[in-house]
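Numbering of residues begins at 1 and proceeds along the displayed sequence. Computed over heavy atoms, backbone and side chain alike; hydrogens, waters and symmetry mates excluded. Both ligands and their constituent atoms are indexed starting at 1 by order of listing.
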Amino acid sequence: MKHDMIYEKAPAKINLTLDVLHKRDDGYHEVEMIMTTIDLADRLSFEKIDSNKVEIASENRFVPNDQRNLAYQAATLLKERFNIKQGIRIHLDKNIPVAAGLAGGSSDAAATLRGVNRLYDLRLTNQELQEIGAEIGSDVPFCVMGGTALAKGRGERLTALPSPPACWVVLAKPNIGVSTKDIYEKVDFTNITHPKTQAAVKALESQDFKSLCENLGNVLEPITASMHREVAQIKSRMEKTGGDGVLMSGSGPTVYSLVAKEEKANRIYNSLRGFCSEVYAVRMLR
Ligand SMILES: C[C@@](CO)(OP(=O)(O)O)[C@H](O)COP(=O)(O)OP(=O)(O)OC[C@H]1O[C@@H](n2ccc(N)nc2=O)[C@H](O)[C@@H]1O
Ligand SMILES: Nc1ncnc2c1ncn2[C@@H]1O[C@H](COP(=O)(O)OP(=O)(O)O)[C@@H](O)[C@H]1O
């Protein structure tokens, strides 16, 4: 039998700020961070299948196609919770670099929650999908919500914020892997420089690009940078070639620069291409 296809886009996020307040009893860290979505996205399609299975097809060899895949977990969760007897085939066209600090897997999970909600007409609200998303990962609720938000708790308590002023985002991911868990574990609360989250929120509210760039900050950056010199190398190259505000995203290792002028974004992009195999120049998503 031929079934209709549903399509969803899964955009990457960057952290404009990331602060860690304390370690919680459940092992997670209490965070306060501003996240925003960028125009670098995976594309997913969803189709009903007659066999009672979740199938993932992806051409990307770094992405698992079994229960380790966050899209698989999202589809399975909805299937079990809503007692769906048919199966789901998911095609994943992966464009977001994997294990990069850009929430690619979380965004695929969020897109899957939206896609399966439509495919099986479950009529779940965005809020309900966010709550289900929190069971899959800390970044999934934000990826369900999209846009720009201040995230608290372990990342799931969200307040919407205005989008950043229009600008370019140049991203470079060094060819190294980091474990988010290991990076959080290395946070030293006796020696921490907290970002000015409120100043960054104000900069968004007043659409002040210069102030936003001055108030980017990520407490995980010095930790990942101390383990991998590529992070500092990319950062300094971006700063030297005219990046307006430069920061590592999430637990890394991707470093990005916000850039107001297109010609400068091109210059930074070209300067990094010789140095790094995964480089992108994209717009913010408004
Ligand atoms: C650092 C951030 C910032 O946006 O992003 P990425 O670098 O992954 O993109 C997130 O907090 C990552 O969120 P996510 O990748 O969804 O984390 P989870 O799967 O929930 O957790 C993976 C592991 O990270 C640690 N963890 C995560 C979130 C948090 N608030 N405190 C933690 O200590 C825990 O050790 C957990 O076992
Ligand atoms: N759909 C997916 N896309 C990418 N990686 C995935 C996916 N599902 C599970 N993973 C696994 O999750 C890990 C983290 O991936 P990702 O979400 O891309 O990074 P990050 O959490 O740093 O933003 C990878 O090691 C990868 O094997």
Side-chain angles (χ1 to χ4, degrees), residues 8 10-38 40-44 54 56-76 90-113 115 133-144 149-158 171 173-174 176-187 189 195 217-221 223-224 231 247-256 278:
E8 287 283 341
K13 62 87 188 167
I14 52 171
N15 292 84
L16 298 173
T17 65
L18 194 169
D19 199 3
V20 180
L21 305 181
H22 57 88
K23 187 168 179 178
R24 311 183 340 177
D25 294 339
D26 64 4
Y28 283 91
H29 290 76
E30 191 74 13
V31 295
E32 185 172 61
M33 56 191 183
I34 303 175
M35 295 193 273
T36 193
T37 36
I38 58 170
L40 170 64
D42 295 342
R43 284 164 201 283
L44 294 90
V54 173
I56 305 259
S58 169
E59 281 80 46
N60 186 308
R61 64 193 168 93
F62 298 111
V63 175
N65 65 358
D66 53 18
Q67 73 287 348
R68 288 169 298 171
N69 196 304
L70 297 182
Y72 181 101
Q73 291 175 22
T76 305
I90 303 172
H91 185 268
L92 172 55
D93 179 9
K94 194 82 202 160
N95 299 309
I96 304 172
V98 177
L102 301 174
S106 307
S107 194
D108 293 343
T112 302
L113 295 176
E135 296 177 39
I136 302 165
S138 308
D139 271 350
V140 180
F142 169 74
C143 294
V144 170
L150 178 66
K152 295 187 183 181
R154 65 180 171 95
E156 84 289 12
R157 283 177 38 216
L158 301 167
L171 305 112
K173 181 195 165 279
I176 50 173
V178 298
S179 148
T180 302
K181 188 175 188 309
D182 289 356
I183 303 296
Y184 270 114
E185 286 308 320
K186 290 199 164 71
V187 172
F189 291 99
N218 179 352
V219 299
L220 303 182
E221 184 186 271
I223 302 170
T224 308
V231 171
L247 194 74
M248 187 184 82
S249 182
S251 53
T254 302
V255 178
Y256 70 83
E278 289 183 274

With heavy atoms and a 4.0 Å threshold, my read on which part of N15 contacts ligand 1 is side chain
Distance flag for atom 25 (C) of ligand 1, protein heavy atom under 4.0 Å:
yes
Could you check atom 17 (O) of ligand 2 against the protein and tell me its nearest heavy-atom contact, residue, atom and distance included?
G105 N, 2.8 Å
Using a 4.0 Å cutoff against the non-hydrogen atoms of G27, which atoms of ligand 1 qualify?
33 (O)
Below the 3.5 angstrom mark, is there an N/O of A71, backbone or side chain, next to an N/O of ligand 2?
no
Tell me: protein heavy atom nearest atom 2 (C) of ligand 1, and distance?
D139 OD2, 3.8 Å
Identify, for atom 35 (O) of ligand 1, the protein heavy atom at the shortest distance, and state residue, atom and that distance.
K181 CG, 3.2 Å
What protein heavy atom sits nearest atom 8 (O) of ligand 1, and how far off is it?
T180 OG1, 3.6 Å
Quick check: does L92 get an N/O under 3.5 Å from an N/O on ligand 2?
no
Under 3.5 Å between any N/O of V98 and any N/O of ligand 2: does that happen in this structure?
no
If you measure only the distance, is there a donor-acceptor pair under 3.5 Å linking the side chains of E59 and H91?
yes
Using a strict 4.0 Å cut-off to heavy atoms of G101, name the atoms of ligand 2 that fall inside it.
20 (P), 22 (O), 23 (O)
Who's the nearest protein heavy-atom neighbour of atom 27 (O) of ligand 2, and how far?
P64 CD, 3.7 Å
Would you say G155 contacts ligand 1, with heavy atoms under 4.0 Å as the rule?
no
re atom 18 (O) of ligand 2, the protein heavy-atom contact at minimum distance is A99 N, 2.9 Å
Tell me whether ligand 1 is touched by E185 - counting only heavy atoms on the residue side and a distance under 4.0 Å.
no
Short list, please: which atoms of ligand 2 are under 4.0 Å from a heavy atom of A100?
19 (O), 22 (O)
Just to confirm my output: which protein heavy-atom neighbour is closest to atom 19 (O) of ligand 1, and how far is it?
G137 CA, 4.3 Å
Which protein non-hydrogen atom lies closest to atom 23 (O) of ligand 2, naming both residue and atom, and how far is it?
A103 N, 2.6 Å
Just to be sure I read this right, does ligand 1 sit under 4.0 Å from the backbone of I183, its side chain, both, or neither, counting only heavy atoms?
neither
Give the residue, atom name and distance (to 0.1 Å) of the protein heavy atom nearest atom 20 (O) of ligand 1.
S138 OG, 2.6 Å
Exercise check, heavy-atom protein proximity under 4.0 Å to atom 2 (C) of ligand 2
yes
Does ligand 2 have any atom sitting under 4.0 Å from a heavy atom of Q73?
no
Test of understanding: given a 4.0 Å heavy-atom threshold, classify the contact between Y28 and ligand 1 as side chain, backbone, both, or neither.
both
Heteroatom proximity flag, T180 to ligand 2, N/O under 3.5 Å
no
Tell me whether S249 reaches ligand 1 (any heavy atom closer than 4.0 angstrom to a ligand atom).
no
Below 4.0 Å from any atom of ligand 1, is there a heavy atom belonging to K13?
yes
Counting from 1, what ligand 2 atoms have a heavy atom of R68 closer than 4.0 Å?
8 (N), 9 (C)
Shortest protein heavy-atom distance from atom 27 (C) of ligand 1, along with the residue and atom involved:
Y184 CE1, 3.5 Å
Among protein heavy atoms, which lies nearest atom 31 (N) of ligand 1, and at what distance?
H29 N, 2.8 Å
Please tell me if atom 13 (C) of ligand 2 is touched by the protein, where touching means a protein heavy-atom distance below 4.0 Å.
no
Are any of the N or O atoms of D108 closer than 3.5 Å to those of ligand 2?
yes
